[in-house]
**Q** 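Before I ask anything, let me first share the structure, which is written out below as structure tokens.
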Amino acid sequence: MKVILPDATELELPDGASGLDAARAIGPKLAEQAVLVKADGVSQDIRLPLPNGAKLQILTTRDTHDPDALAVLRHSAAHLLAEAVRRLHPGVKVAIGPPIDNGFYYDFEFPTPINDTDLEAIEAEVQRELGEGRAWEREEISADEARARFEAEGEPYKVELVETAEGAISLYTQGDFTDLCRGPHLQTSAPIKAFKLTSLAGAYWRGDSNNAQLTRIYGTAFFSQKDLDAHLERLDQARARDHRRLGAELDLFHFDEHSPGSPFWHPKGMAVFNALEDLRRRENGRRGYSEVRTPLIYDKALWVTSGHWEKFRENMFLIPIDDEHTYAVKPMNCPGHMLLFGSQLRSYRELPLRFAEAAPLHRNELAGALHGLTRVRYVTQDDAHIFCSREQIDGELDGCLVYLRYLYGLFGIEPRAELSTRPENKLGADEEWDFTEGKLIEALDRHEISYFVGEGEGSFYGPKIDLHITDALDRSWQLGTIQLDAQMPSRFGLTFMGRDNREHPVFVIHRALFGSLERFIGIIIEHYGGAFPLWLAPVQVRLLPVSEQHRNGAREISAKLREAGFRAELDERDETLGKRIRDSELEKIPVVVVFGERESEAALAVRTRGEGQSTRSLDELVAELEHVVAPSRG
RNA sequence: GCCGAAGUAGCUCAGCUGGUCAGAGCACCGCUCUUGUAAAGCGGGGGUCAAGGGUUCGAAUCCCUUCUUCGGCUCCA
């Protein structure tokens with residue numbers, strides 16, 4: 001057989017040769033450093049036979065930043081962790097231990113709970129293993145053999161994995177630990193130059209909260225200590241961009257234990273909030289949406305009709321009124337909008353009807369799920385419900401996707417699209433879901449939006465196109481969502497009169513493009529590192545009078561800027577100019593104007609964030625600011 | 001909700017093998033200075049050490065419960 005090397009030369013090998021054999025044929029050093037082989041771009045363990053004629057790429061310990069090479073390193077590190085845990089905690093049952101972005105984890109069922117102190121001991125044990133050195137052996141056995149073996153070892157999770165595994169079963173052994181594992185793995189532990197356990201957490205077996213909760217140990221590993229240090233350094237820098245930290249530093253919002261998960265918006269945070277609201281109102285108006293306002297609390301009967309009582313009650317705040325009546329604070333706007341639509345006989349001439357409302361919603365999120373602005377109990381969705389006929393669905397979905405692209409383009413953020421399909425607790429028949437899912441797929445294709453499929457991730461009333469973005473700490477959050485719903489209108493008996501003088505079914509598109517204003521603001525705080533563009537900045541211009549006698553002059557300028565529609569502010573504290581400039585810098589204020597003796601007579605000294613200082617007249621400054629702000633003011 | 005960790009002045013933190021342990025810096029207030037592009041000087045106020053209960057002669061420090069926060073899991077905009 002032969003393989004093709006990256007430089008296009010061909011290498012003759014005996015039949016059945018492995019990646020390691022190929023590396024040996026090229027050179028002993030390469031063989032020693034080999035970590036992973038890619039045959040025609042597909043990763044495989046270096047111990048496995050190569051396909052004949054494959055284009056070969058061998059990743060080595062020098063590919064210190066290659067995600068695939070790092071995954072192999074970390075996967076092997078996870079096995080060292082499991083070996084150490086089994087030695088230190090006899091009776092522990094092992095589950096799974098894959099590499100993940102930036103590290104790895106391994107799930108265990110411990111006979112007795114462990115804590116951070118145990119974690120330190122486990123890490124020390126792994127370091128000892130690394131000192132001794134380990135080598136991995138790979139073997140393949142039948143599923144029956146594997147099952148018998150893990151049953152004998154008292155490893156129920158491994159037995160379950162064997163039972164659901166496809167194809168041959170492979171085992172990897174290092175030290176006294178043998179793991180059911182697909183691989184690939186390192187040859188030896190020598191390349192693991194840095195190893196660190198990072199945290200301890202509970203995790204449900206197979207990600208299902210009905211299953212047993214296991215103990216998950218997170219860690220990371222690198223090809224060098226320097227890389228680990230750099231990783232930790234990056235984490236530190238990311239923490240500086242954390243919106244919870246910047247929210248306090250920039251005086252945007254805070255939380256209080258008297259209402260967990262509900263932000264208190266300070267004046268500066270509210271300025272950002274309102275800038276987004278202004279944008280939302282203007283664009284909605286331009287795109288044919290009508291603003292509406294509906295109640296915050298409704299009788300339980302409404303929630304029974306909508307299906308929320310059955311599907312969403314656990315997340316709702318209930319208000320007992322008397323023995324017979326219970327109200328609930330709305331977690332979504334849709335039922336209210338259904339009532340609004342149904343309050344009149346609707347003609348086909350009215351459709352599509354686009355009702356927009358950015359009302360406060362309350363969801364009783366699990367206490368452990370709350371997270372700054374990105375996971376709150378008080379949510380403001382930039383919500384809208386589009387009521388349309390079957391024929392209008394495509395056009396309305398198009399409108400939503402164009403709108404969505406415009407909005408995200410303004411912020412320069414590029415979310416990933418997900419098609420979320422029918423969940424287990426869905427309402428309605430499969431045929432209806434076939435139709436609504438099909439419509440969303442066609443729309444994504446028309447707009448050439450690539451997406452991944454989230455099986456079963458849809459809402460109980462319809463499939464969704466969801467947009468996801470990662471925050472400063474690499475956590476993924478859902479922002480916008482576009483949902484096509486045939487269930488809710490039929491549960492509310494909504495119809496419209498057609499040209500044929502008959503009633504026709506109504507379809508509803510639920511759409512929130514920012515998603516929630518709270519979460520969106522959390523994300524953009526991190527995206528901009530707190531340095532908002534001019535149109536969003538809480539304070540756009542700050543005036544600094546040089547000394548007491550320039551206060552009146554500075555006040556006048558500040559008033560004129562406010563008159564021109566800008567958020568201008570005066571800092572006339574009795575601090576040195578240097579101190580006040582420093583504070584303005586730390587607050588990331590886009591434009592700072594120093595006003596003193598010279599400016600009373602001539603041009604203003606303008607300090608622009610990131611660009612240094614220059615001089616211009618007040619009129620020039622206003623014109624310039626208007627020019628900068630224009631795109632977002634439409 | 002579950003697993004692990006934490007909660008000391010507005011913020012960041014020290015003190016935590018129980019006994020001058022209630023402290024520091026920044027912030028705040030007052031006075032002096034009247035400031036020219038990233039921190040002027042001096043002085044001062046401020047905390048029932050998250051809340052409640054317990055152990056002890058004595059608790060910020062040890063134990064229990066609750067609340068909140070942080071890292072995950074589940075769930076979700």
**Q** Suppose the criterion is salt bridge (Lys or Arg N to Asp or Glu O under 4.0 Å): which pairs have a residue in residues 607-618 of chain A, not counting sequence neighbours?
**A**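 The answer is E585(A)-R607(A), R616(A)-E624(A).
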**Q** Taking any heavy-atom pair under 4.0 Å as a contact, classify G368(A): base, sugar-phosphate, or nothing.
**A**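 Base contact.
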**Q** C1' atom, rU20(B) versus rG15(B): distance in rounded Å?
**A**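 Result for the C1' pair: 13 Å, nearest Å.
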**Q** What distance, rounded to whole Å, do you find between the two P atoms, one in rG46(B) and one in rA9(B)?
**A**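 These two P atoms come out 15 Å apart once rounded.
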**Q** Can you run down the salt bridge (Lys or Arg N to Asp or Glu O under 4.0 Å) pairs that involve residues 91-108 of chain A, sequence neighbours left out, and say none if there aren't any?
**A**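 Listed once each, the pairs are D107(A)-R216(A).
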**Q** So, using side-chain contact (heavy atoms from CB on, under 4.5 Å) as the criterion, who are the partners of T470(A) when residues are at least two apart?
**A**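 Partners of T470(A) by the side-chain contact (heavy atoms from CB on, under 4.5 Å) criterion, ordered by chain and then number, come out as R416(A), D474(A), S476(A).
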**Q** On RNA chain B, check which nucleotide each of D466(A) and L473(A) is closest to and give me the residue with the more 5' one.
**A**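 Checking each residue's closest nucleotide, the 5'-ward one belongs to L473(A).
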**Q** Does rC21(B) pair with anything, Watson-Crick or G-U wobble, both distances under 3.5 Å, and if so, with which nucleotide?
**A**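 Per the H-bond distance test, none.
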**Q** Which part of the nucleic acid, if any, lies within reach of A248(A) when heavy atoms closer than 4.0 Å are counted: base, sugar-phosphate only, or nothing?
**A**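 Since no nucleic acid heavy atom lies under 4.0 Å of A248(A), the category is nothing.
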**Q** Is there a donor N/O on one and an acceptor N/O on the other, under 3.5 Å, for the side chain of R206(A) and the base of rC73(B)?
**A**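 Under the 3.5 Å cut-off, the side chain and the base do not form any donor-acceptor pair.
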**Q** Output a table of nitrogen or oxygen pairs between the protein and nucleotides 4-8 of chain B separated by less than 3.5 Å.
**A**
| from | atom 1 | to | atom 2 | distance (Å) |
| --- | --- | --- | --- | --- |
| rG4(B) | O2' | D116(A) | OD1 | 3.1 |

**Q** Write down the distance separating the C1' atoms in rG41(B) and rU35(B), rounded off to the nearest Å.
**A**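 Per the computed distance, 13 Å lies between those C1' atoms.
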**Q** Tell me which nucleotide, if any, is Watson-Crick or G-U wobble paired with rG47(B) when both distances must be under 3.5 Å.
**A**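 Pair assignment: rG47(B) / none.
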**Q** Are a donor atom and an acceptor atom from the side chains of R287(A) and Y406(A) found within less than 3.5 Å of each other?
**A**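 The answer is no; no qualifying pair exists.
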**Q** Closest approach to the side chain of L370(A), judged atom by atom: which nucleotide of rG71(B), rU69(B), rC76(B) is it?
**A**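 In terms of side-chain proximity for L370(A), the closest of rG71(B), rU69(B), rC76(B) is rU69(B).
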**Q** Taking C-beta and beyond as the side chain, do M488(A) and H385(A) meet within less than 4.5 Å on heavy atoms?
**A**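 No; the side chains remain at least 4.5 Å from each other.
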**Q** Checking all strands, does V376(A) fall into the base, sugar-phosphate, or nothing category for heavy-atom contacts under 4.0 angstrom?
**A**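 The answer is base, as V376(A) lies within the cut-off (heavy atoms under 4.0 Å) of a base atom.
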**Q** C1' atom, rG44(B) versus rU61(B): distance in rounded Å?
**A**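 It comes out at 30 Å once rounded to the nearest Å.
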**Q** Taking N and O atoms by type only, does the side chain of Q483(A) place a donor or acceptor under 3.5 Å from a partner on the base of rA77(B)?
**A**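 Donor-acceptor pair under 3.5 Å: no.
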**Q** State, with a plain yes or no, whether a side-chain heavy atom of Y378(A) is found less than 4.5 Å away from one of T380(A).
**A**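 Contact flag for Y378(A)/T380(A) side chains = yes.
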**Q** Within residues 267-279 of chain A, find the residues that approach RNA chain B with a heavy atom at under 4.0 Å, and present them sorted by residue number.
**A**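 Within residues 267-279 of chain A, no residue comes under 4.0 Å of RNA chain B.
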**Q** Which nucleotide, in any strand shown, forms a Watson-Crick or G-U wobble pair with rC42(B), with both distances under 3.5 Å?
**A**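 rC42(B) is paired, partner rG30(B).
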**Q** Contact class for R475(A) (heavy atom, under 4.0 Å): base, sugar-phosphate, or nothing?
**A**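 The residue R475(A) makes sugar-phosphate contact but no base contact.
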**Q** Is there a ring-ring contact (aromatic ring centres under 6.0 Å, His included) between H527(A) and F411(A) once you walk through the steps?
**A** CA-CA 9 Å; H527(A) 177 68; F411(A) 297 89; 8.0 Å; no
**Q** Nearest whole angstrom, please: distance from the P of rU74(B) to the CD of E424(A).
**A**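 Answer to the nearest Å: 15 Å.
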**Q** Could you verify whether a donor N or O on one side chain and an acceptor N or O on the other, from R206(A) and T164(A), lie under 3.5 Å apart?
**A**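 Checked: R206(A)/T164(A) side chains pair up, N/O donor to acceptor below 3.5 Å.
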**Q** Who does rA6(B) pair with, Watson-Crick or G-U, both distances under 3.5 Å?
**A**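 Answer to the pairing question: rU68(B), which forms a Watson-Crick or G-U pair with rA6(B).
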**Q** Pick base, sugar-phosphate or nothing for Y105(A), based on heavy-atom distances below 4.0 Å to the nucleic acid.
**A**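 The answer is nothing, as Y105(A) stays clear of every strand by at least 4.0 Å.
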**Q** Say you pick atom C1' in rG23(B) and the same atom in rG45(B); how far apart are they, in whole Å?
**A**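 rG23(B) and rG45(B) have their C1' atoms separated by 16 Å.
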**Q** Would a 4.5 Å heavy-atom cut-off, applied to side chains only, mark K196(A) and H231(A) as touching?
**A**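 Heavy-atom side-chain distance check fails, nothing below 4.5 Å.
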**Q** How far, in whole Å, is rG4(B) from rA77(B) if one measures between their P atoms?
**A**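 To the nearest whole Å, 29 Å.
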**Q** In whole angstrom, give me the gap between the P atoms of rA51(B) and rU56(B).
**A**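 Between the two P atoms, the distance is 23 Å.
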**Q** Nearest of rU35(B), rA77(B), rG72(B) to any side-chain atom of Q478(A)?
**A**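 Closest nucleotide among those given: rA77(B).
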**Q** In terms of side-chain heavy atoms of R607(A), which of rU34(B), rU37(B), rG71(B) is nearest?
**A**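 Looking only at side-chain atoms, R607(A) lies closest to rU37(B).
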**Q** Looking only at side-chain atoms of V379(A), point me to the closest of rG1(B), rU34(B), rA77(B).
**A**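 For V379(A), the side-chain atoms sit closest to rA77(B).
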**Q** Evaluate the ring planes of F253(A) and F255(A), with Trp represented by its six-membered ring, and classify them as parallel (under 30°), tilted (30 to 60°) or perpendicular (over 60°).
**A**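 Geometry flag for F255(A) against F253(A): perpendicular rings.
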**Q** So, does H371(A) get its side chain near the phosphate of rU69(B), meaning an N or O under 4.0 Å from OP1 or OP2?
**A**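 Answer is no, no contact under 4.0 Å.
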**Q** Encode nucleotides 24-32 of chain B as B, S and - characters from 5' to 3', where the letter depends on protein heavy atoms closer than 4.0 Å: B to the base, S only to sugar-phosphate, - to neither.
**A** ---S----B
**Q** If you assign each of H258(A) and L577(A) to its closest nucleotide in RNA chain B, which residue comes earlier from the 5' end?
**A**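 Closer to the 5' end of RNA chain B: L577(A).
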**Q** Using a heavy-atom cut-off of under 4.0 Å over every strand shown, decide if S516(A) touches base, sugar-phosphate, or nothing.
**A**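 Counting heavy atoms under 4.0 Å across all strands, the contact made by S516(A) includes a base.
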**Q** Using the P atom as the point on both nucleotides, what is the distance between rG47(B) and rA22(B), in whole Å?
**A**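 Looking at atom P only, rA22(B) and rG47(B) are 15 Å apart.
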